[in-house]
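Take a look at the structure set out below.
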Amino acid sequence: MNYKDTVFLPRTEFPMRAGLPQREPEILQKWKDIDIYARLRAARKDAEPFILHDGPPYANGQLHIGHALNKILKDVINRSQSMLGKNANYVPGWDCHGLPIEWKIEERYRKNGKDKDQVPVTEFRQECRDFAAYWLDVQSEEFQRLGVLGDWLHPYTTMAYDAEATIAAELGKILMDGTLYRGAKPVMWSPVEKTALAEAEIEYEDHTSTTIYARFPVSQPNHPALADASIIIWTTTPWTMPGNRALACGNDIDYAVIRINEIDQGSHASVNDVIVLAEALLEDVCAAIGIAGHTKLHQLTGADCVGTIAVHPLADHGYEHDVPLFHADYVTTEQGTGFVHIAPGHGVEDYELAHLTHGVPVPDTVAEDGRIMEHLPLFAGMHVLRDNLKIAEMMAEMGGVIGIGKLVHSYPHSWRSKAPLVYRNTSQWFVSMESQGLRDTAVSELGKTAFYPPAGQNRLTSMIAQRPDWCLSRQRAWGVPITVFVNKETGEPLRDQAVIDRVVAAIREEGADCWFASDSSRFLGPNYDTDDYEKVTDILDVWFDSGSTHAFVLEDRDDLSSPANLYLEGSDQHRGWFHSSLLQSCATRGRAPYRGVLTHGFVLDEKGRKMSKSLGNVVTPQAIMDQNGADILRLWVVSSDYYSDLRIGPEIIKRMTDNYRRFRNTLRYLLGALNGYSDLEAVDYDAMPELEKWILNRLAELDVKIRVMTDKYDFHSIFTELHTLCNSDLSAFYFEIRKDRLYCDAADSVERRACRTVMKQLFDRLTAWLAPILCFTAEEAWQTRVDDSENSVHLRSYDPIPSKWANNSIAKRWDGIRRVRQVVMSALENARNEGKIGTSLQAALKVHVSADVEELFDGLDAASLFITSAAVITNLPAPEDAFKLDGINDVAIAFAMADGEKCARCWRITPEVTAEVDICKRCQKVVAAVR
RNA sequence: AGGCGCGUAGCUCAGUUGGUUAGAGCGCACGACUGAUAAUCGUGAGGUCGGCAGUUCAAAUCUGCCCGUGCCUACCA
């Protein structure tokens, strides 16, 4: 007879196959329908706030896997903090101003044959605004598709009028207190974009430079050996020669004075010329410029040379100034000639050495388009990047250059136009690191900040300690203007709070465009004459925008506050947002805008290589969402150690789907087992069998661990713990053991009810613990039971655990039991391999153990734990041929076939089954009750 | 080139203050079950702990050097 319909098999609507790519959007829609974000805010209205302040991504393209990692991590943190009962209000934001967007718009113009400079600035800015708005929408959709929960209806942007106004007000603060100053410095300049660039806007690529060896005839030697000699320098930037004002050597370097005796054909050098260069580089230089024979006249040190004055190589052609020779620590003999030419307008080191240290004036030689200025002889109008060979050849003809070559080297380029950059002396606006003690404040604030991982603290601190003043100005159009007036006569910026207030108020109403569109008088008011003041038209470094988010988001919004609990970004943001936010806040508030900083690594491919189109190893979040689902991606995030770099690729995604299935099937089994369960069925703790108490103890242990790990943002450990629970404790152990009871016991037996009571607890806890991670699947499972979309799993919290569940002695006891069980499993496998049994229910075991181990099994049904039909625990001596496992000496198993026949209902083998009755006594009872 | 990281089985990760034979899960192989079934259970094979050299009775763990790799900085004539 068939007893299958009398067995309580698991039943659930929750499918084994997830179909996440289809299902997730449906779940998202339900969340939207009930406005889960608003509900959560209302529910946590009075709870302790947890503020993870979103670092704004740049609104100019599709999301890549790094964005996904970043936002998923933030979401897991917010959801888990919410589960701890806090009000984790997450307000996403976007960085909208800046060069990359501006560049895109310019590109569009160029395609249409238009010139950006012909377009009114406000019109141009509007196009930038529209561009940012478009990508902001695209990205918002994609972030939401990842399951990221936040105030997507009211995100912040740096281009909102309120934001622009607050940014201008923030600038006003550092203008008023003197932190902001105007200075002239060589800055990285792009002749193509005609702007100074921030450090972050520069990238390095190989570039071929024309190199020259130039000769500087000594006019006032500081050492007799130098009389009538010429100092030889090597440079990769011939265009800086008009700007040359000095030379540098190293005190400790040995130099040689030589006479040229013989030259190769085609060499620019001249026989009988006397030149000076570093001893160590003599051979290299001779080879490079074609000196076939020379006589060494003298040897001297750099210290002997310092103080010498030379004349410019083109002294006879209009470059008549003196060229003094200084010492500089950074001069080496690795390359060149051991002498360095110093153009104070074209290098930071040059500027510091010649201008700051020795007071040499800084000439203006290069215009903003990269052309040599009109007032300069010979080279006026030539281009600093294109005409170097011409410059070199002209100089050679005039005897100022004795060698010309080429060098391929790494060189700074604009990150957008990819064009090479030059140093150019310009007037710029700076934030002083020292004048108001900004550097000290920032460093001291970092000492009070929690870093995850801790290494970030050193990294950021040493950057702040070493960085130069912050250059805030950009000669661009798309950004918040530097809303400053400069007195034409004195060159001093106007510091008047009333003026600043008028500007800020106007921007708040009309946006920052009004700065460009309005006449100065509107802001200057009646007390100043507009003719006396120049309106600055530079815009602010976008890092100042995003560095001010704490002001216009955390402070300006009623539902947030500053400082934030956490800033979380990729480790590149040590130099970026963590850095600029800290400086901005310290300059204006005297404190950091965050209490904690978490950094994650970068995403690499499966082999640890950078992702690139050329390698074809790019993994996009869109592809994973379409093929596997966002929950797979979320699982990947938490399964990785995100402090270091993380890897992703086909195999890793496959592993993630494997892990996912384990979680999903565990939930599915629980749901099936709980078919028809209600709390009326629940059994009190004290009435439960000990295995059930052991499970509850596991829940108590995990509850503590998960709370601690959540506070430490240690999701990888949570993932491991949950996986171990589902895999080892439940599927392979508890579920296996309790299958018989669940399927075959009387529905109302206390033991079966106890099992289901525990299963219900497992389900409740597990869905809550998984909810921050598998936000879709946890909801799907939860809804399978509650069937009430308003009762979302994400509105729940981690329920407190009854104190009596924690029971260490039960934990220890079952550790011992499982150790014995491990030997039993091996013994059964042994019998299986010998062909004695198939299913373990065919076995009857005698387990020989020590007396203390025997005690562990007191009051327990060993056969059910081993899933055999019979089992005896004894401390009698084991027979010789008993099964033992290497490394475990106190357990020996004597194997025997189970006695009796197979019960047709529960499949256990027992003598109770006879020719007349095909099922065991337990099953007889149950069947009788059911029918 | 400099600063800060990282490098433990095919994959993801554990390895406490240096202390037995380096662990787990997945995957893989083999097997079982056919009442979690495109599931589930069991057993097993996989590692010169990036390399070399030190310190030590003892090193995955401490030190130095090197290699690979990532982020950042510099680019220097």
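Within every chain, numbering begins at 1; the chains are lettered A, B, ... in the order of the sequence lines, protein sequences first and strands thereafter. Below, all heavy atoms of this structure are taken into account, side chains as well, without hydrogens, waters or symmetry copies.
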(message) Reading RNA chain B from 5' onward, which residue's closest nucleotide shows up sooner: A/Arg821 or A/His716?
(response) A/His716

(message) When you measure from the side-chain N and O atoms of A/Arg668 to the phosphate of B/U37, is any distance below 4.0 Å, counting only OP1 and OP2?
(response) yes

(request) To the nearest Å, give me how far apart CG (A/Asn830) and P (B/G31) are. (result) 16 Å

(message) Ring-plane angle category for A/Phe715 and A/Tyr642, please: parallel below 30°, perpendicular beyond 60°, tilted otherwise.
(response) tilted

(message) Can you list every stem that RNA chain B is part of, counting only runs of 3 or more consecutive Watson-Crick or G-U wobble pairs with both distances under 3.5 Å?
(response) B:1-7 with B:67-73, B:10-13 with B:23-26, B:28-32 with B:40-44, B:50-54 with B:62-66

(request) Write down the distance separating the P atoms in B/G5 and B/G47, rounded off to the nearest Å. (result) 32 Å

(request) Verify whether one side chain among A/Asp714 and A/Ser717 offers a donor that lies under 3.5 Å from an acceptor in the other. (result) yes

(request) Pick base, sugar-phosphate or nothing for A/Phe735, based on heavy-atom distances below 4.0 Å to the nucleic acid. (result) base

(request) Specify the glycosidic conformation (syn or anti) of B/G27, with syn defined as within 90° of 0. (result) anti

(request) Return yes if a side-chain donor-acceptor contact under 3.5 Å exists between A/His600 and A/Ser571, otherwise no. (result) no

(message) Quick check on RNA chain B: between A/Tyr642 and A/His341, whose nearest nucleotide comes earlier from the 5' end?
(response) A/Tyr642

(message) Using side-chain hydrogen bond (donor to acceptor under 3.5 Å, both in side chains), reason through A/Asn244 and A/His312 one step at a time and then give a plain yes or no.
(response) CA-CA 8 Å; A/Asn244 172 278; A/His312 195 276; 4.7 Å; no

(request) Decide side-chain hydrogen bond (donor to acceptor under 3.5 Å, both in side chains) for A/Tyr3 and A/Asp918; before the verdict, give the C-alpha distance in whole Å, the side-chain angles of both, and the deciding distance to 0.1 Å. (result) CA-CA 10 Å; A/Tyr3 290 94; A/Asp918 61 352; 2.6 Å; yes

(request) Give one of base, sugar-phosphate or nothing for A/Arg647, where a contact means two heavy atoms less than 4.0 Å apart. (result) sugar-phosphate

(request) Could you please spell out the steps behind the side chain to side chain contact (heavy atoms under 4.5 Å, CB included) verdict for A/Arg655 and A/Trp636? (result) CA-CA 9 Å; A/Arg655 290 292 86 78; A/Trp636 165 73; over 6 Å; no

(message) For a quick check of understanding: with a heavy-atom distance under 4.0 Å over all strands, which category does A/Gly608 fall into, base, sugar-phosphate or nothing?
(response) sugar-phosphate

(request) Determine the Euclidean distance between corresponding C1' atoms of B/A45 and B/G10; express it in Å to zero decimal places. (result) 13 Å

(message) I'd like to check A/Arg908 versus A/Cys920 (side-chain heavy atoms, cut-off strictly below 4.5 Å). Are they in contact?
(response) yes

(message) Could you check whether A/Glu780 pairs with A/Arg664 (Lys NZ or Arg NE/NH1/NH2 to Asp/Glu carboxylate O, under 4.0 Å)?
(response) yes

(request) Rounded to whole angstrom, note down the C1' distance from B/A58 over to B/G18. (result) 8 Å

(message) In whole Å, I'd like the distance from the CG atom of A/Leu281 to the C1' atom of B/C76.
(response) 13 Å

(message) Apply side chain to side chain contact (heavy atoms under 4.5 Å, CB included) to residues A/His346 and A/Thr237 and explain how you reach the verdict.
(response) CA-CA 10 Å; A/His346 302 299; A/Thr237 52; over 6 Å; no

(message) Can you measure A/Tyr734 atom OH to B/C41 atom C1' for me and round it to whole angstrom units?
(response) 18 Å

(request) List the steps, then state whether side-chain hydrogen bond (donor to acceptor under 3.5 Å, both in side chains) holds for A/Arg905 with A/Thr6. (result) CA-CA 8 Å; A/Arg905 182 166 177 273; A/Thr6 71; 2.7 Å; yes

(request) With sequence neighbours excluded, tell me which residues meet ring-ring contact (aromatic ring centres under 6.0 Å, His included) with A/Tyr713. (result) A/Tyr452

(message) Taking the P atom in each of B/C66 and B/U21, what is the distance between them to the nearest angstrom?
(response) 33 Å

(request) Could you measure between the two P atoms, the one in B/G23 and the one in B/U48, and give it in whole Å? (result) 15 Å

(request) Answer with base, sugar-phosphate or nothing: what part of the nucleic acid does A/His574 contact at a heavy-atom distance below 4.0 Å? (result) nothing

(request) Please report, rounded to the nearest Å, how far the C1' atom of B/U73 is from the NE2 atom of A/His579. (result) 11 Å

(request) For nucleotides B/G42 and B/C49, find the distance between their C1' atoms and express it as a whole number of Å. (result) 30 Å

(request) Using the six-membered ring of A/Phe733, assess whether NZ or CZ of A/Arg818 lies under 6.0 Å from its centre and within 45 degrees of the ring axis. (result) yes

(message) I'd like to know if A/Lys705 and A/Glu721 make a salt bridge, using a cut-off of under 4.0 Å between side-chain N and carboxylate O.
(response) yes

Protein-nucleotides 32-35 of chain B N/O pairs closer than 3.5 Å?
from  : atom 1 : to       : atom 2 : distance (Å)
B/A32 : O2'    : A/Gly838 : O      : 3.0
B/G35 : OP2    : A/Lys4   : NZ     : 3.3
B/G35 : N1     : A/Arg905 : O      : 2.6
B/G35 : N2     : A/Arg905 : O      : 3.2

(request) Provide, to the nearest angstrom, the distance between the CG atom belonging to A/Leu460 and the C1' atom belonging to B/U73. (result) 14 Å

(request) Decide if atom CZ of A/Arg11 counts as having more than 12 heavy atoms of other residues, nucleotides or ligands within a radius under 6.0 Å. (result) no

(message) From C-beta outward on A/Asp641, which listed nucleotide comes closest to its side chain: B/C71, B/C26, B/C13?
(response) B/C13

(request) Take the protein atom CD1 of A/Ile718 and the nucleotide atom P of B/A14, then report the distance between them rounded to whole Å. (result) 14 Å

(request) Flag the pair A/Asp658 and A/Lys654 as a salt bridge only when some basic side-chain nitrogen lies within less than 4.0 angstrom of an acidic carboxylate oxygen. (result) yes

(request) Indicate whether the side chain of A/Thr777 and that of A/Tyr660 have a donor and an acceptor atom separated by less than 3.5 Å. (result) yes

Please list, for nucleotides 20-24 of chain B, all pairs of protein and nucleotide N/O atoms separated by less than 3.5 Å.
none

(message) Between B/A59 and B/G19, how many Å separate the two C1' atoms, rounded to a whole number?
(response) 10 Å

(request) Please state the P separation for the pair B/G51 and B/C11 - nearest whole angstrom. (result) 15 Å

(request) Run the numbers on A/Arg752 and A/Phe8 for side chain to side chain contact (heavy atoms under 4.5 Å, CB included), then give the verdict. (result) CA-CA 11 Å; A/Arg752 185 170 184 278; A/Phe8 308 114; 3.4 Å; yes

(request) Can you sort out which residues in residues 651-664 of chain A have a heavy atom within less than 4.0 Å of RNA chain B? Ascending by number, please. (result) A/Glu651, A/Ile652, A/Arg655, A/Asp658, A/Arg661, A/Arg662

(message) At 4.0 Å (heavy atoms only), tell me whether A/Tyr669 reaches a base, stays on the sugar-phosphate, or touches nothing.
(response) base

(request) Using the six-membered ring wherever Trp is involved, compare the ring planes of A/Trp577 and A/Tyr567 and label them parallel, tilted or perpendicular (cut-offs 30° and 60°). (result) parallel

(message) Could you tell me how far apart A/Lys610 (NZ) and B/G68 (C1') are, to the nearest whole angstrom?
(response) 14 Å

(request) Whole angstrom is fine here: how far is it from CG in A/Leu828 over to C1' in B/G44? (result) 16 Å

(request) Would you state whether a donor and an acceptor, one from the side chain of A/Ser731 and one from the base of B/A36, lie under 3.5 Å apart? (result) yes

Output a table of nitrogen or oxygen pairs between the protein and nucleotides 1-6 of chain B separated by less than 3.5 Å.
none

(message) Do the side chains of A/Arg922 and A/Asp745 get close enough for a salt bridge, i.e. N-O under 4.0 angstrom?
(response) yes

